[in-house]
**Q** 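Before anything else, here's the structure in question.
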Amino acid sequence: MNKLELTINGQKFDARFGLGFLEKVTKEESITIQEVFSKIETDGLFFIPTLIWHSVNYGLYRNGKEPIEKTVILDWLDEVGIASPEVTKFAEALGKSIMIHVPETAPVGKPKAKK
């Protein structure tokens, strides 16, 4: 999934994911992809709004439209709450989109003995 429609203050926005979005986040926030994961886990309350803002603005960029200010997202979240269905939908889509780029690892442990 590389995009999701979010309704923010009654207006519909394409929230975009994928490599372009991740590049935008890492470059504009001056963090690594590993720090993105860490910040989601340790500082989600304040970092999820930043990710929504980047995602919506990347969608606007892809559609040839002007970006919105971060305060639009923050004011909306203050109204609906971080646990709102729209934010939950965003977080789930974000997780799925990121997992596409994370390589699967082999199970760790001792190899099974041959019989």
Side-chain angles (χ1 to χ4, degrees):
M1 171 186 301
N2 93 7
K3 75 177 179 177
L4 169 74
E5 187 176 86
L6 288 179
T7 302
I8 300 171
N9 295 331
Q11 187 175 354
K12 297 194 182 301
F13 291 93
D14 282 342
R16 289 282 190 148
F17 304 104
L19 293 176
F21 158 74
L22 290 172
E23 179 183 36
K24 181 175 178 52
V25 171
T26 56
K27 290 193 177 192
E28 291 187 16
E29 298 299 319
S30 299
I31 59 177
T32 66
I33 192 69
Q34 290 83 10
E35 289 171 311
V36 170
F37 299 138
S38 177
K39 288 176 83 61
I40 290 170
E41 187 175 317
T42 62
D43 202 19
L45 180 64
F46 300 111
F47 194 58
I48 293 294
T50 298
L51 292 174
I52 293 171
W53 178 64
H54 282 298
S55 180
V56 166
N57 275 335
Y58 188 63
L60 290 168
Y61 164 76
R62 293 282 307 263
N63 291 321
K65 297 180 180 175
E66 291 295 315
I68 61 171
E69 296 292 324
K70 191 173 185 180
T71 55
V72 171
I73 301 299
L74 295 173
D75 291 347
W76 168 67
L77 288 172
D78 284 342
E79 186 177 313
V80 300
I82 198 79
S84 76
E86 287 292 286
V87 177
T88 301
K89 183 169 68 169
F90 175 85
E92 289 172 358
L94 174 66
K96 287 178 184 175
S97 73
I98 288 174
M99 292 312 296
I100 291 171
H101 303 293
V102 176
E104 289 188 37
T105 57
V108 178
K110 289 196 239 178
K112 294 184 178 182
K114 293 182 181 178
K115 292 186 178 183

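The chain is numbered in sequence order, starting from 1.
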**Q** Taking atom CG of Leu22 and atom OG of Ser55, what is their separation to the nearest 0.5 Å?
**A** 9.5 Å

**Q** CD/Gln34 to NZ/Lys39 distance, rounded to the nearest 0.5 angstrom?
**A** 14.0 Å

**Q** Measuring centre to centre across the rings, with the benzene-like ring taken for any Trp, is Phe17 within less than 6.0 Å of Phe90?
**A** yes

**Q** For Ile31 and Glu35, which heavy atoms make the closest approach, and how far apart are they?
**A** CA-OE1, 3.1 Å

**Q** Let me have the donor-acceptor pairs involving side chains of residues 62-79, under 3.5 Å, with sequence neighbours excluded, atom names and distances please.
**A**
unit_1, atom_1, unit_2, atom_2, d
Asn63, ND2, Asp14, OD2, 3.2
Asn63, ND2, Gly59, O, 3.1
Lys70, NZ, Thr50, OG1, 2.8

**Q** Look up atom OG1 in Thr7 and atom CD in Glu86, then write down how far apart they are to the nearest 0.5 Å.
**A** 5.0 Å

**Q** Drop me the distance from Phe21's CZ to Thr26's OG1, to the nearest 0.5 angstrom.
**A** 9.5 Å

**Q** If I compare all heavy atoms of Glu29 with all of Trp53, which pair ends up nearest, and what's the gap?
**A** OE2-CZ3, 4.5 Å

**Q** Indicate the atoms forming the closest heavy-atom contact of Pro49 with Gly44, along with that distance.
**A** CD-O, 4.0 Å

**Q** Who passes side-chain hydrogen bond (donor to acceptor under 3.5 Å, both in side chains) against Glu92, sequence neighbours left out?
**A** none

**Q** Arg16 pairs by side chain to side chain contact (heavy atoms under 4.5 Å, CB included) with which of His54, Lys3, Lys24?
**A** Lys3

**Q** Check Phe47 against Val36 and note the closest heavy-atom contact, atom names and distance.
**A** CE2-O, 3.8 Å

**Q** What is the distance from atom CG of Asn57 to atom CD1 of Ile52, rounded to the nearest 0.5 Å?
**A** 12.0 Å

